[in-house]
Amino acid sequence: MTALAFQRSEKKILKPIEKLVYERPHSLDENHTHYCPGCTHGIAHRLIAEVLDELGLQEKAILVAPVGCAVLAYNYFDVDGAEAAHGRAPAMATGLKRVNPDSVVFTYQGDGDLASIGIAEVIHTAVRGENITVIFINNAIYGMTGGQMAPTTIPGQVTTSSPNGRDTAQTGYPMQIAELLSGLPGTAYSVRRSLHDTRHIIQAKKAIRTAFEAQLQELGFSIVELLSSCPTNWGMTPIKALDWARDNMIPQYPLGDYKVVDELKKKRRNR
Amino acid sequence: MTALAFQRSEKKILKPIEKLVYERPHSLDENHTHYCPGCTHGIAHRLIAEVLDELGLQEKAILVAPVGCAVLAYNYFDVDGAEAAHGRAPAMATGLKRVNPDSVVFTYQGDGDLASIGIAEVIHTAVRGENITVIFINNAIYGMTGGQMAPTTIPGQVTTSSPNGRDTAQTGYPMQIAELLSGLPGTAYSVRRSLHDTRHIIQAKKAIRTAFEAQLQELGFSIVELLSSCPTNWGMTPIKALDWARDNMIPQYPLGDYKVVDELKKKRRNR
Amino acid sequence: MAKGRIVIDVERCKGCELCRDACPQDVLMLSDKFNNKGYRPVFLLEHDNECTGCALCAIACPDACITVYRQVPQRRLHPAQTAV
Amino acid sequence: MAKGRIVIDVERCKGCELCRDACPQDVLMLSDKFNNKGYRPVFLLEHDNECTGCALCAIACPDACITVYRQVPQRRLHPAQTAV
Amino acid sequence: METSIIIAGFGGQGVLFSGQLLAYAGMDNGMHVTWIPSYGPEMRGGTANCTVIIGDELIGAPTVAHPDVAVALNLPSFEKYAPLVKSGGLLIANSSLIPAKSNRTDIEIVTVPANAIAEKFGIVKMLNMAALGALLAKRPLFTLDALLQTLHEHLPARKHHLLEANKLVLQRGYAVGMETAVPA
Amino acid sequence: METSIIIAGFGGQGVLFSGQLLAYAGMDNGMHVTWIPSYGPEMRGGTANCTVIIGDELIGAPTVAHPDVAVALNLPSFEKYAPLVKSGGLLIANSSLIPAKSNRTDIEIVTVPANAIAEKFGIVKMLNMAALGALLAKRPLFTLDALLQTLHEHLPARKHHLLEANKLVLQRGYAVGMETAVPA
Amino acid sequence: MAKELLKGNVAIAEAAIRAGCEAYFGYPITPQTEILEHLAKRMPELGRVFLQAESEVAAVNMVYGAACAGARVMTSSSSPGISLMQEGISYIASSEVPAVFVDVMRGGPGLGNIQPTQSDYNQVTKTAGHGDFHPIVLAPATIQEAIDLMALSFDLAEKYRTLVFMALDGAIGQMMEPAELPPMQEVRRERPSWALTGKQGRDHKNIVTSLYLGAEPLTKFNAKLQAKLAEIEANEIRYDELLTDDAQLLITAYGTAARVAQTAVKRLRQENIPVGLFRPITLWPFPTERLGQLAGRVPAFLSVEMNAGQMIHDVREAVGRTVTVDFLGQPGGVIPLPEEIEDKVRQMWLKLEAVA
Amino acid sequence: MAKELLKGNVAIAEAAIRAGCEAYFGYPITPQTEILEHLAKRMPELGRVFLQAESEVAAVNMVYGAACAGARVMTSSSSPGISLMQEGISYIASSEVPAVFVDVMRGGPGLGNIQPTQSDYNQVTKTAGHGDFHPIVLAPATIQEAIDLMALSFDLAEKYRTLVFMALDGAIGQMMEPAELPPMQEVRRERPSWALTGKQGRDHKNIVTSLYLGAEPLTKFNAKLQAKLAEIEANEIRYDELLTDDAQLLITAYGTAARVAQTAVKRLRQENIPVGLFRPITLWPFPTERLGQLAGRVPAFLSVEMNAGQMIHDVREAVGRTVTVDFLGQPGGVIPLPEEIEDKVRQMWLKLEAVA
Ligand SMILES: Cc1ncc(C[n+]2csc(CCOP(=O)(O)OP(=O)(O)O)c2C)c(N)n1
Ligand SMILES: Cc1ncc(C[n+]2csc(CCOP(=O)(O)OP(=O)(O)O)c2C)c(N)n1
Ligand code: SF4
Ligand code: SF4
Ligand code: SF4
Ligand code: SF4
């Protein structure tokens with residue numbers, strides 16, 4: 001009040017003043033993360049927290065953390081949080097949401113967690129049109145256990161369990177999760193974004209926002225797949241890893257909107 | 001030889017002789033099935049056995065039976081057979097096929113088995129392009145356990161676990177398995193047929209044949225979804241049940257070819 | 001029209017009537033008697049002699065109870081088809 | 001061009017250089033010294049004074065270490081934006 | 001005092017329900033009861049049976065090796081349970097479907113043409129009532145009226161129009177039971 | 001006779017490999033050995049340590065509360081293990097990264113500027129070799145040459161050009177070790 | 001309320017409702033499907049949560065989720081389904097959220113059959129998953145007791161923030177018996193302080209996890225968990241004794257086996273054989289101490305189980321090697337008959353008398 | 001062959017290969033992932049089957065499938081993964097197909113941590129799934145023994161058509177020690193007569209199932225299964241004794257705990273404390289009888305375990321209530337130290353002497 005008054009009175013001086021244009025979102029906790037330097041898990045966390053701040057959801061949100069590098073995610077968000085069994089976050093989220101229908105429940109899952117061991121749970125959660133949001137980190141590898149092949153590993157990619165490069169004849173082809181889940185009627189929103197540069201990060205954030213809005217409007221299941229990096233297990237510097245993601249992941253995993261129900265389209269036009 | 005010679009010698013008499021136009025296929029065992037009267041499980045069994053006969057696969061085939069009404073299917077086929085845990089037939093088939101690459105491995109699964117508890121295994125088996133064949137019996141209900149809701153239950157359909165009719169807001173929408181699996185690169189063949197009348201039965205058999213041919217040609221994963229009836233748990237006579245399948249299931253589950261890789265298309269044209 | 005004949009494995013039959021429903025000649029009927037499983041099996045109305053051997057009944061039968069024969073003029077027969 | 005300023009939480013920084021890569025003004029550099037976690041944190045080359053406050057560094061930073069301020073002419077300011 | 005009763009027959013013969021009816025009636029008449037089905041494989045068809053125990057003390061074992069009473073509604077059940085009935089016990093056999101005879105002389109055997117009675121006085125589905133009637137004639141656990149009262153209470157309302165027919169069938173079965181003399 | 005050695009430091013300091021090298025050398029020289037890492041959470045970063053036991057009999061416990069020797073390559077390791085070394089034991093401290101001192105007088109403490117030595121005679125990654133050199137000077141489990149021979153055998157071929165530098169670093173560490181007098 | 005003739009499965013389901021159960025997640029499996037079916041009808045009617053999960057794996061994790069929210073939640077299954085729940089059960093134990101499980105045991109191993117057994121005694125009492133823990137395991141022998149223990153199970157689960165198993169052999173699930181249901185308890189509206197509800201103005205976030213990184217935190221947690229289990233052992237042991245005072249021969253049995261044994265005991269007493277029945281109601285914590293006391297003066301025990309002999313090891317551990325412990329029972333789905341027990345006891349008694 | 005310095009996980013993986021293992025299906029989980037990684041490299045190289053499954057549930061069922069085909073097949077996992085395999089394990093037991101499981105145990109319950117424990121002793125020895133069965137459970141204490149038992153495990157699995165578990169605490173998986181690998185065994189080409197291969201001219205079809213409909217068939221099957229288990233109990237008990245001859249105090253321990261105890265025993269003997277070590281190698285069948293014999297003259301036992309006390313119940317059952325059985329250990333991932341054991345034994349010894 002007083003500060004405001006003071007500034008107004010000084011208005012004629014026209015001396016530029018300093019505006020805060022970016023600060024650490026409140027929905028993040030103060031704890032330092034254990035993620036490797038340059039790992040995009042941190043970016044995804046930040047974006048989610050920014051969206052929670054902007055939509056005023058910090059007091060309503062419940063996070064379900066996966067088993068994977070993000071296993072400790074509940075330490076990094078300042079919201080209520082649970083740690084699920086490997087792959088089962090969507091089932092746990094279902095239990096939470098059904099008895100807490102007014103809360104905003106989201107899972108955060110890696111590609112081993114969601115696409116491999118947890119594919120049944122995420123599919124059925126989408127089938128039910130469960131009103132939750134899934135943030136899906138596709139980094140083409142199992143990070144936490146030291147770099148084994150994931151269902152999302154790129155053909156030919158060397159991992160500790162595909163030492164000669166992923167052989168599609170033996171292990172099949174990468175799973176396109178955003179596309180797969182878009183085919184289910186219960187899905188309200190299914191898109192793929194990338195975190196490999198700032199332009200794409202900004203787009204990713206918009207998608208995360210839309211996903212949470214879908215939940216707030218009770219439109220059903222929403223998922224944002226985020227192409228991410230794992231510098232450590234890819235054996236690259238963080239910057240090289242982002243380049244690799246751009247050059248190798250995007251061709252395999254085209255960015256785009258695979259399903260956006262009409263209610264959300266209207267909303268986006270009006271914004 | 002002698003019979004033949006005899007007939008030839010009698011040729012001029014031109015008396016019509018009797019030709020065998022249909023007999024019980026050899027790949028069926030002599031055991032009587034425990035299926036309810038008019039249950040189309042039996043038709044599916046017969047068609048598979050006919051195809052095994054025609055393709056000469058009886059000595060190479062290995063059946064993986066599900067948990068569901070067809071749990072005893074290994075008693076009804078005269079081929080090697082295993083009984084899988086509920087939903088895990090595709091994983092078991094994978095193990096069998098990998099160590100027996102020259103055999104012809106097929107699973108036979110209901111909609112509870114495949115679409116509900118076993119969705120992860122069938123999806124990953126398709127993702128790997130595992131060279132096996134799945135015969136998928138969609139009867140919109142859990143038969144064996146007495147008529148609970150399946151993921152394929154039609155909206156509004158009354159079952160013992162959806163006593164007021166399937167409520168899509170709570171339980172989601174029916175799963176379209178043939179469509180879902182057709183989206184995976186490892187899938188060579190994914191189609192839906194119906195067993196509700198003889199014309200469709202004949203078409204279903206052709207599809208089953210093509211699915212096994214896909215396996216013989218090592219083209220990857222093949223699945224035939226068969227719309228089936230469960231007179232007992234639908235509470236109808238067998239004939240009424242087939243009408244119900246036609247009137248209620250086909251609109252929800254359109255018949256058609258959802259994926260046919262080119263190698264198979266050629267083959268079919270040449271036939 | 002070609003003449004046909006079917007043989008029904010009555011002990012296997014469950015009396016579901018799917019064959020009867022499928023038969024274009026309407027020459028199938030449920031028996032009054034029960035088989036050992038307690039079902040009334042189907043039988044062919046032989047006296048009508050109108051079965052064409054089209055095999056639609058067999059195609060419809062869930063229990064593979066039906067064997068179908070058809071009379072064909074002998075000259076059209078390929079030798080291989082009669083070899084036993 | 002608008003002037004900007006960033007504040008880096010050096011103990012949180014892991015020296016991954018994603019901010020440096022993202023900065024259009026190229027005014028970020030890794031320190032020679034290690035922080036308590038054993039990383040060389042990034043710092044703003046203050047003397048150049050070329051930071052525009054565009055916040056791209058903050059958008060790129062996985063560890064949310066960066067706070068960004070930008071100087072704006074006071075008249076353009078809506079009151080609400082300065083209310084604390 | 002406990003009376004153990006096994007009722008057995010084909011799936012559609014109302015085996016489980018008639019057992020429950022006895023249990024309900026026992027309970028309604030102040031006795032201790034248990035009812036337990038022998039539930040078969042998870043599949044359709046086949047035979048069904050259940051064991052009912054009615055007594056004046058808390059009931060322990062819900063199953064018995066040798067029942068006091070067996071009600072056999074079809075041939076397989078007759079063949080299975082005739083030899084098992086406790087010496088001095090009672091066997092009710094549905095003579096409409098059971099051509100065979102038992103050569104046991106240490107038990108009382110009542111043959112009831114249950115299908116025939118049911119078809120004559122009601123509908124064939126009521127054959128289990130004919131058998132229950134005979135049972136009550138020989139083992140007056142409670143009165144016919146008490147059983148009818150119980151039936152009234154546990155039959156869904158939409159079936160109440162069948163009560164009268166049920167009563168007739170029950171009474172006829174009872175009469176058959178009363179007519180049958182104790183064997184030598 | 002058993003000698004227990006704990007080697008500890010940051011993740012990238014070659015802690016696990018230098019432990020393995022000791023174990024290999026022990027084995028190659030006819031001794032019984034065990035090596036066990038203290039493997040941390042399933043995630044990156046943090047400190048690493050391993051325990052090596054070398055003895056002339058089959059080895060039982062693969063871990064120890066109080067090692068005969070501790071090699072601390074960074075400050076946190078120094079702080080953790082300096083108090084734990086067995087009385088009469090040996091502590092090798094990488095003085096390049098460890099400014100602190102221990103006030104224990106019942107153990108022998110050798111400070112080796114391991115980073116400095118490694119940078120001077122080879123590359124900084126070889127700092128673990130400097131520490132091993134000092135260790136062997138004080139605890140001649142086997143000769144320097146024996147260790148070098150083992151290194152030769154277990155270093156991947158593509159790193160063989162580094163052998164000479166490793167040797168220099170090892171020797172320099174050894175010399176530092178030899179120079180350090182036993183404390184009063 | 002008056003007594004009704006109730007089927008075990010239905011009684012349990014309705015008792016859960018009366019106990020204020022807020023949410024149920026489960027998957028059909030014989031011989032417990034009637035629990036699911038009853039709740040499918042009743043829960044929505046009462047505005048509570050019923051959801052048929054896609055599998056037992058999903059069901060247990062939905063239960064886990066709802067339990068994290070502090071809701072009264074349960075699931076039910078039978079042997080193979082309980083096997084699939086082991087990981088989730090272990091997570092729930094480690095997270096210390098309350099949840100109730102009903103296991104209506106059937107014949108195993110594998111797909112086995114659907115007949116009544118007690119073949120999963122070890123599975124539910126010894127671990128029910130990986131790691132060092134035990135659920136509380138309650139084994140009713142009558143429908144009335146099943147109803148009463150069902151209510152207790154929620155209370156115990158919440159009191160100790162632990163898992164409670166109702167361990168039924170299939171016979172208890174399938175049989176009917178008169179019993180009285182308690183009055184309806186509404187769903188509790190307030191949630192416990194540790195529950196996940198969204199922060200809703202709380203000054204701290206709540207976290208539920210089973211991850212304790214590093215040896216120290218997990219050791220500390222396990223010490224706490226063991227202390228809790230010790231407390232449960234101290235407070236919650238329940239058992240029933242029939243004619244144990246002067247018994248020279250004791251039958252140990254629970255559930256349906258105990259009912260059968262009860263009949264046998266009554267009949268044997270008429271023959272003046274001094275036999276009694278010891279019936280554990282809590283299978284874990286097991287009444288070790290009391291059995292040990294009894295072993296001080298009872299020279300022979302007979303464990304009657306509907307399995308190949310599982311509880312007998314707990315009995316043996318309790319009574320020591322100086323007394324005889326015999327076994328009667330078999331897996332596969334056969335309810336033992338009183339006559340078999342009587343024969344066995346008579347043999348044992350003859351031997352005992354011969355020695356004396 | 002000469003000794004090599006081998007890491008436990010790698011040694012086990014390579015030993016399996018040398019034993020002619022034809023197929024491996026598994027899913028990564030610390031602290032056993034090196035087994036999977038080693039086999040990912042080696043198996044394809046040798047033209048054998050390696051497949052990373054989508055989950056442990058899938059892995060166990062792939063193993064089941066390959067086992068039905070009569071192939072030498074194995075999987076490996078760690079505690080939570082083994083929990084997920086329980087249903088499949090029970091099916092395999094009930095189908096009587098041979099399969100080998102490696103469980104490198106970590107801290108639990110729940111997600112716990114990845115430190116070494118022996119917290120799943122109960123899970124693997126008591127049931128490993130629903131129903132009445134036990135896998136054979138082998139617990140090596142050295143890398144060499146791990147290698148030797150790995151080969152044995154396949155042989156036992158095939159001999160008895162059963163499941164064999166290699167139960168390792170994480171420490172055995174992670175440590176390195178010199179050991180010798182056996183020569184390479186090729187993959188066996190012929191398949192057993194019961195195996196599913198397609199009929200291939202056989203005059204009968206082969207069937208593998210775990211379904212035994214009705215009480216009679218399942219009871220019969222279980223009787224057969226129990227007879228087999230009894231045969232295994234009669235033939236396959238393995239254990240190791242250190243200085244038990246004159247011991248007045250016996251430590252019971254297996255795996256890493258036994259190694260530590262061995263060090264303690266050696267040191268305590270120097271203090272003239274008459275302590276010995278009894279080390280079960282087969283955790284199931286458990287050496288109950290031998291322990292019972294020893295209890296005849298040893299008045300005090302100490303069970304040392306890396307858990308909250310699980311094997312101790314088997315020890316108690318074996319030795320009876322007339323001798324003391326103490327416990328040392330904790331769950332959470334701490335390898336006990338020889339000093340702790342020494343302290344505990346000294347205390348126990350003082351008490352014993354005071355009594356004497
Ligand atoms: C049941 C079970 N299986 C396996 C594991 C081991 N595990 C932990 S994290 C992980 C994979 C993580 O990969 P991803 O989901 O891609 O996440 P990232 O670490 O790459 O972020 C695995 C297999 C486990 N903890 N539990
Ligand atoms: C793990 C497990 N869960 C549940 C069951 C019980 N169960 C047996 S069959 C079945 C469903 C069968 O339905 P479906 O697959 O549709 O086949 P249908 O009987 O209709 O042919 C279920 C749930 C089981 N045997 N195992
Ligand atoms: S291992 Fe990979 S995914 Fe995990 S924190 Fe490090 S960089 Fe990120
Ligand atoms: S219950 Fe349904 S699916 Fe099962 S056999 Fe009967 S009719 Fe067929
Ligand atoms: S063969 Fe054709 S005509 Fe003859 S009975 Fe069958 S369906 Fe009817
Ligand atoms: S279709 Fe088959 S089973 Fe059905 S009535 Fe006809 S012959 Fe009998």
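Please read all numbers here as calculations on a predicted model, not as lab measurements. Computed from heavy atoms alone, side chains included, the values below leave out hydrogens, waters and symmetry copies. Numbered from 1 within each chain, the chains take letters A, B, ... in sequence-line order.
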(request) Output every pair passing salt bridge (Lys or Arg N to Asp or Glu O under 4.0 Å) with a member in residues 132-143 of chain B, not counting sequence neighbours, ordered by first then second residue. (result) none
(request) Sort by residue number and list every member of residues 173-186 of chain B having a non-hydrogen atom under 4.5 Å from chain H. (result) none
Which atom pairs, one donor and one acceptor, sit under 3.5 Å between chain B and chain H?
| residue | atom | partner | partner atom | Å |
| --- | --- | --- | --- | --- |
| B:D29 | OD2 | H:K205 | NZ | 2.5 |
| B:E59 | O | H:K199 | N | 3.0 |
| B:E59 | O | H:Q200 | N | 2.8 |
| B:E59 | OE1 | H:Q200 | N | 3.3 |
| B:E59 | OE1 | H:G201 | N | 2.3 |
| B:Y74 | O | H:K205 | NZ | 2.8 |
| B:Y74 | OH | H:T209 | OG1 | 3.0 |
| B:F77 | O | H:K205 | NZ | 2.6 |
| B:D78 | OD1 | H:K199 | NZ | 3.3 |
| B:D78 | OD2 | H:K199 | NZ | 3.1 |
| B:D80 | OD1 | H:R202 | NH1 | 2.8 |
| B:D80 | OD1 | H:N206 | N | 2.8 |
| B:D80 | OD2 | H:T197 | N | 3.0 |
| B:D80 | OD2 | H:G198 | N | 3.1 |
| B:D80 | OD2 | H:R202 | NH1 | 3.4 |
| B:D80 | OD2 | H:R202 | NH2 | 2.9 |
| B:G81 | N | H:N206 | O | 2.9 |
| B:G81 | O | H:V208 | N | 2.9 |
| B:E83 | N | H:V208 | O | 2.9 |
| B:E83 | O | H:Y64 | OH | 3.4 |
| B:V99 | O | H:R191 | NH2 | 3.1 |
| B:N100 | OD1 | H:R191 | NH1 | 2.6 |
| B:N100 | ND2 | H:L196 | O | 2.8 |
| B:R128 | NH1 | H:E54 | OE1 | 3.0 |

(request) Would you mind checking which part of B:A89 comes under 4.5 Å of any heavy atom in chain H, side chain (CB onward), backbone (N, CA, C, O), both or neither? (result) neither
(message) Quick check on B:A85 against chain H: is it the side chain, the backbone, both or neither that has a heavy atom closer than 4.5 Å?
(response) both
(message) Testing the basics here: between H:C68 and B:L96, what is the closest heavy-atom pair and its distance to 0.1 Å?
(response) CB-CD2, 4.2 Å
(request) Could you look at B:A82 and say if it's the side chain, the backbone, both or neither that has a heavy atom under 4.5 Å from chain H? (result) both
(request) Sort out for me which of H:V187, H:V73, H:V60, H:V49 touches chain B most, counting heavy-atom pairs under 4.5 Å. (result) H:V49
(message) The criterion is ring-ring contact (aromatic ring centres under 6.0 Å, His included); which residues satisfy it with H:F133, sequence neighbours excluded?
(response) none
(message) So for H:A195, is it side chain, backbone, both, or neither that comes closer than 4.5 Å to the heavy atoms of chain B?
(response) backbone
(message) Between B:G118, B:A120, B:G95, who has the most heavy-atom pairs with chain H when the cutoff is under 4.5 Å?
(response) B:G95
